[in-house]
Amino acid sequence: MGKICLAVVATMLLCLPATGFAAGNEQDMAKITCKEFLGAGDNMGMMLTWIDGYMSGKSDNTVMSEEWMKKLGTHMGQYCGKNPSHTIMQAIEAMPE
């Protein structure tokens, strides 16, 4: 599981470009499982950015920091590693304040 967390944080910090979503394709983020999230490869950075924006919209907090993104990436990696059949929305709801 430590490798998963490291991969999530490393992907986020490197800001890898999103290459898996082809033009015209849509993805319902509410249906993405943790297993799919952990296997997202180059798209993980884009997905973490979407998650941050979603959470910012709910909390009305528009601040983005490296510390927050590390915390978010670590949480998503740990939660999804333990709960691969859950959705990322469930992982988001389980995020500690």
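No experiment lies behind these values; they were computed from the predicted model shown.
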Straight-line distance of [X] [atom1] to [Y] [atom2], nearest 0.5 Å:
X: L38; Y: T33; atom1: CG; atom2: OG1; result: 8.5 Å
X: L72; Y: D52; atom1: CG; atom2: CG; result: 6.5 Å
X: M47; Y: F37; atom1: CE; atom2: CZ; result: 6.0 Å
X: K70; Y: L48; atom1: NZ; atom2: CG; result: 14.0 Å
X: I51; Y: M44; atom1: CD1; atom2: CE; result: 9.0 Å
X: I32; Y: M29; atom1: CD1; atom2: CE; result: 4.0 Å

> With a 4.5 Å heavy-atom cut-off, do M95 and Y79 have their side chains touching?
Replying inline: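 Side-chain contact under 4.5 Å: no.
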
> Who pairs with H75 by side-chain hydrogen bond (donor to acceptor under 3.5 Å, both in side chains), at least two apart in sequence or on another chain?
Replying inline: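 Checked H75 against side-chain hydrogen bond (donor to acceptor under 3.5 Å, both in side chains); zero matches.
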
>> Can you list everything that forms a salt bridge (Lys or Arg N to Asp or Glu O under 4.0 Å) with E93? Sequence neighbours excluded, please.
In response: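 Checked E93 against salt bridge (Lys or Arg N to Asp or Glu O under 4.0 Å); matches are K58.
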
> What pairs meet the disulfide bond (SG atoms under 2.5 Å apart) rule with one or both residues in residues 34-83, with sequence neighbours excluded?
Replying inline: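 Listed once each, the pairs are C34-C80.
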
> How close do I92 and M55 get, heavy atom to heavy atom, and via which atoms?
Replying inline: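 Between these two residues, the closest heavy atoms are CG2-CG, 3.7 Å.
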
>> Under the rule for side-chain contact (heavy atoms from CB on, under 4.5 Å), what residues qualify as partners of D28, not counting sequence neighbours?
In response: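 Partners of D28 under the side-chain contact (heavy atoms from CB on, under 4.5 Å) test: A30, K31.
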
> Among all residues two or more places apart in sequence or in another chain, which pass the side-chain contact (heavy atoms from CB on, under 4.5 Å) test with S65?
Replying inline: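 Applying side-chain contact (heavy atoms from CB on, under 4.5 Å) to S65 gives E67, W68.
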
> Under the salt bridge (charged side-chain N to carboxylate O under 4.0 Å, His left out) rule, what pairs show up with a residue in residues 32-41, not counting sequence neighbours?
Replying inline: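 Every pair satisfying salt bridge (charged side-chain N to carboxylate O under 4.0 Å, His left out) with a residue in residues 32-41: there are none.
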
> Side chain of S56, backbone of N61: donor and acceptor closer than 3.5 Å?
Replying inline: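 Answer holds: yes.
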
